[in-house]
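Here is the structure we will look at, set down as C-alpha cells.
In what follows, every chain begins at residue 1, and chains take the letters A, B, ... in the order their sequences are listed. All of these numbers come straight from a predicted model, not from anything done at the bench.
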Amino acid sequence: MSGGGCSIVWFRRDLRVEDNPALAAGVRAGAVVAVFIWAPEEEGQYYPGRVSRWWLKQSLAHLDSSLRSLGTPLITKRSTNSVSSLLEVVKSTGATQLFFNHLYDPLSLVRDHRAKEVLTAQGITVRSFNSDLLYEPWDVNDAHGQPFTTFSAFWERCLSMPYDPQAPLLPPKRIIPGDASRCPCDMLVFEDDLEKASNALLSRAWSPGWSNADKALTAFINGPLIEYSKNRRKADSATTSFLSPHLHFGEVSVKKVFHLVRIKQVFWANEGNKAGEESVNLFLKSIGLREYSRYISFNHPYSHERPLLGHLKFFPWVVNEGYFKAWRQGRTGYPLVDAGMRELWATGWLHDRIRVVVSSFFVKVLQLPWRWGMKYFWDTLLDADLESDALGWQYISGTLPDGREFDRIDNPQFEGYKCDPNGEYVRRWLPELARLPTEWIHHPWNAPEYVLQAAGIELGSNYPLPIVGIDAAKVRLQEALIQMWQQEAASRAAIENGTEEGLGDSSESAPIAFPQDTHMEERLAEPVRNNPPHGTRRYEDQMVPSMTASHVRVEEEETSSDLRNSAADNRAEVPTNVTTQENARETVNQGGLLNVNRNTRVQNNATEMWLRNAAEDSTAESSSSTRRERDGGVVPVWSPPASNFSEQFVDDENGIGASSSYLQRQHPQSHQLMNWTRLPQTG
DNA sequence: CGTACGTTGGG
DNA sequence: CCAACGTAC
C-alpha cells in the first residue's frame, strides 16, 4: 500500500510474531521498524516486580531473535516518556505509520491516546488493533446496549456473539527491515545483581517467549486439559495450563487459545466425553475471566484501586503491619495459608485455589486493607497482571455485584483438606510440619501434645499458633460490620443535614499508606531449597489477585468535590482511533485523523468522544457485512455512553445510596449489597 | 422417609 | 441470593 517511509510496530504486551495484528499490518504496509520502549517509571505504583521484569527480559530476547530471523531486529529504547520516545523513533527512521495493539489498563488507555494524538498531529498514520481479547470491550453489551456488570452474563454473551472471534493470523514469512541506522538500541536493564541472583532459579521452571508459550499451550491442550475439571482444585498438581505469564505478556494469543480449545471441545462433544466437555467449559471460563478483567478495567477505569461497589466504604480495616508481615512470611499459623505464602515468596507462583485462600484469609480473617495484599501480589507474582488481579481481589473482597459475600469466612483448615487432602503441599513448603500426620496437618493447634512432640513441633516456637482464631475473626467481622453500618448511617445523616463532612473519614475511602518495608529481600532465607524442582512449569491462573494501591490517585479522586467530573476528565484522555485493519479496504481513516486533531484538548468532552466513536461504529457496522473488518478500527474509549455511569459504582459521593438503586435493577447476585444498604435500617 | 436447616460452591 | 447437597429431626 502507501509508499514512502516505513512503519513502526510498537510492541508492548504482545510479545509475539504470530497472530499479532499490528505486526501483520506493518508487514503488509512495507518496511518495518519493530520497537519496544521500556519506561517503567510511567507505571508509577505499578512498577513491575522483580520476577515480572525477569520474565520480560527473557521474553524480549526471544522476540528479538524471532524478529531477526524474519529480517529485522527489535529496537529497544529506555525512556521515561513513551510517547516522546516514539516520536524520536519516528523521526530518526522516517516512518510514516505507527501500528500497535490495544491495552486496557488505565495507564495504557491514557498513554496510548496521547500517542495517537501526538503522532497524528505529526502527520503519522496511527492504527491500533485488538490482539489481546476475543472481543473488544465496547462490542459486548446487553440488550439495552449497556455493558454487563456480572461475569456470567458477560461470558454468556461472549459465547453467543453473532460473529466468532477473529481467526488467528500466521506469523509473517519475512519482514522487510526499515532503516533504523539512526535509531540505535538502548541497553535495557531489568535486574540488578542482587535480583539476578534471586532470579537464577526461575529459568529452571519457566521458559518465557512466544514459541515456548505456544508449546505450553499445545502441551496443555493435548494433556491436562481433559482432566482440568477433575484436577483443578488440587493445590499441588501440575494440571493447569501454566499460561498466565505468557498471556500477560501477550506471548500467546487468546484468540488462538480459544480457537484450539474449541476444536477439542467439538471433538469431545462428538465423542460424548462429558468430563472433557466440562473441562473445556471451565478452562474457557478462566479465559473469560481474563477477558472480563479487561472489560471491567475499560468500563471502570478505577477498578484497580477502588472497589466497584462502595458498600465497604466504611469498613474499619485492621491496619496492623504485624499481621501483614506474618502473612507475607507465611507465619500465620494456618498451614495452608503459610505454605501458599512461602511458595509465592520462593517462586512467584501460586495455584489459583491458593491465591483465593491466602487472599480471602487476608481480607476476611486478618481484615487487612485489601490493597496491601494486591500490592504485595503485584510485587511478587510472576504473572502479575493489573486487570486480572484487581478483579480477583475485588471478587474476594466482596466488592463486585457478583462476588462473594463479604460476610463469609473461608476456613483454611477445611480448604486445606479439600485442596491438599494428603498434606503434601503443606509439607513441601513448611518443612517444620513435615512430620505431622495428615490428620493434623491443616490444624496443628488441635493436635495432642504427644503428636506434636513426635513431629518435632513446638507451637509458638518453631511454628506459630494461629495469629487470629477463626471464631475470633468471625466475631470481629460482625462487630466491624456493625460499626460500618453505624458510620454509614451517621454519614448519611450528616449529608441529609447538609454537613458534607460525613464522608471520607473511613480507612476505605481514605488511603491507607502501604507499609514501606515489604520487599522480597526481607524474607526468610530458607525456602528455595525446599522447593524441589518438581515439575518444570507452574500453574496458570486467570483469577489472580495482585496489585497495587495507587494512593496518590485515590486521594486526589476522593477528595475531589465531584468525582463524576474527575472520572469524565480521565475518560476523555483515551485513545481515539482511526482505521481498520486486516482486510481493511482502507476506506476509512481520514475522519479519524480529523477527530484526533480536533481533540488535542479534549479534557472535557468524553461524552462527545464516545458518541462520535459510537457513531463511527455503527456506520462501520452497517456499511460492511462483517464486524471483523473494523476490529482494528475502533478505539478504546473509556466508559459506556451510559448517562448513569457514575451512578453504578463508588466513584460518586453518594456511593452507597446510588449503588443500591443500581443494584435494584441488577442481577440476582446483587443481593448482598442490597442487604447491606438495608441493614442499617433494620439493625 | 419427607422436610427443615446448615454448609458450600458459585465469579 | 440460589442451587445442590448433606445432616438432623
Side-chain angles (χ1 to χ4, degrees), chain A residues 134 137 140 142 147-159 228-235 240 244 278-279 281-297 299-300 303-304 307-309 311-312 336 351-357 359-361 363-364 370 374 385 387-419 421 442 470-471 474 477 540-547 649 659-660 662-679 682:
Chain A
L134 299 176
V140 184
D142 67 17
F148 292 100
T149 52
T150 58
F151 170 72
S152 313
F154 164 81
W155 188 231
E156 211 171 287
R157 175 68 183 154
C158 287
L159 292 175
Y228 186 79
S229 162
K230 198 180 89 192
N231 290 332
R232 89 203 121 108
R233 287 176 207 293
K234 295 282 178 289
T240 49
S244 62
E278 201 200 335
S279 289
N281 289 335
L282 279 166
F283 178 69
L284 286 182
K285 192 174 83 176
S286 75
I287 295 294
L289 285 162
R290 178 184 178 282
E291 294 273 305
Y292 191 56
S293 72
R294 271 70 180 155
Y295 186 79
I296 290 288
S297 176
N299 286 309
H300 308 289
S303 58
H304 59 296
L308 238 57
L309 295 173
H311 57 296
L312 293 184
L336 186 65
H351 188 286
D352 168 55
R353 278 285 131 183
I354 306 300
R355 295 182 198 210
V356 169
V357 168
S359 56
S360 172
F361 182 84
V363 173
K364 307 291 179 65
W370 56 283
M374 282 205 293
D385 181 283
E387 298 93 313
S388 290
D389 298 351
L391 184 67
W393 278 93
Q394 294 229 17
Y395 170 64
I396 291 303
S397 302
T399 55
L400 295 175
D402 52 353
R404 252 229 202 328
E405 293 92 338
F406 187 81
D407 179 358
R408 189 155 122 185
I409 294 185
D410 297 305
N411 189 319
Q413 176 185 338
F414 302 149
E415 291 295 318
Y417 285 107
K418 268 179 274 178
C419 64
H442 291 298
I470 296 297
D471 290 340
K474 282 182 180 159
L477 194 58
E540 109 112 346
D541 166 7
Q542 302 311 327
M543 354 186 185
V544 182
S546 106
M547 245 260 328
F649 49 135
S659 55
S660 79
Y662 156 67
L663 286 164
Q664 265 139 26
R665 65 184 145 80
Q666 275 322 312
H667 321 269
Q669 300 247 8
S670 45
H671 57 85
Q672 74 262 35
L673 251 276
M674 299 176 54
N675 287 345
W676 296 51
T677 54
R678 279 177 188 168
L679 277 162
T682 59

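- Between A/Arg232 and B/dG10 there is a side-chain polar atom (N or O) within less than 4.0 angstrom of OP1 or OP2.
- In terms of phosphate contacts, A/Arg233 brings no side-chain nitrogen or oxygen within less than 4.0 Å of OP1 or OP2 of B/dT8.
- With respect to A/Arg404 and A/Asp410, a salt bridge is recorded, a charged nitrogen being found less than 4.0 Å from a carboxylate O.
- Per the geometry, NZ belonging to A/Lys474 stands 12 Å off C1' belonging to B/dG6, to the nearest Å.
- Put simply, CZ on A/Arg157 is 20 Å from P on B/dG11, counting in whole angstrom units.
- In this structure, A/Leu308 atom CG and B/dG11 atom P are separated by 17 Å, rounded to whole Å.
- Checking B/dG9, B/dT8, B/dG11 against every side-chain atom of A/Glu415, the shortest atom distance belongs to B/dG9.
- We find that CG of A/Asp410 is positioned 13 Å from C1' of B/dG11, with the value rounded to whole Å.
- Of the candidates A/Phe154, A/Tyr395, A/Trp155, A/Phe154 is the only one forming a ring-ring contact (aromatic ring centres under 6.0 Å, His included) with A/Tyr292.
- Every residue meeting the side chain to side chain contact (heavy atoms under 4.5 Å, CB included) condition with A/Cys419, not counting sequence neighbours, appears here in chain and number order: A/Ala235, A/Leu336, A/Ile354.
- The side-chain ring of A/Tyr395 is stacked on the base of B/dG11, judged by centre separation under 5.5 angstrom and plane angle under 30 degrees.
- Between the CG atom of A/Asp402 and the P atom of B/dG10 there is a distance of 14 Å, given to the nearest Å.
- Between A/Lys418 and B/dT8 there is no side-chain N or O to OP1 or OP2 distance below 4.0 Å.
- Qualifying salt bridge (Lys or Arg N to Asp or Glu O under 4.0 Å) partners for A/Lys474, counting only residues two or more places apart in sequence or in other chains: none.
- For A/Arg408 and C/dC2, the CZ to P distance is 14 Å, given to the nearest whole Å.
- Between A/Asn281 atom CG and B/dG9 atom P the separation is 20 Å, expressed in whole Å.
- Here the C1' atom of nucleotide B/dT7 and the CZ atom of A/Phe414 are 10 Å apart, to the nearest Å.
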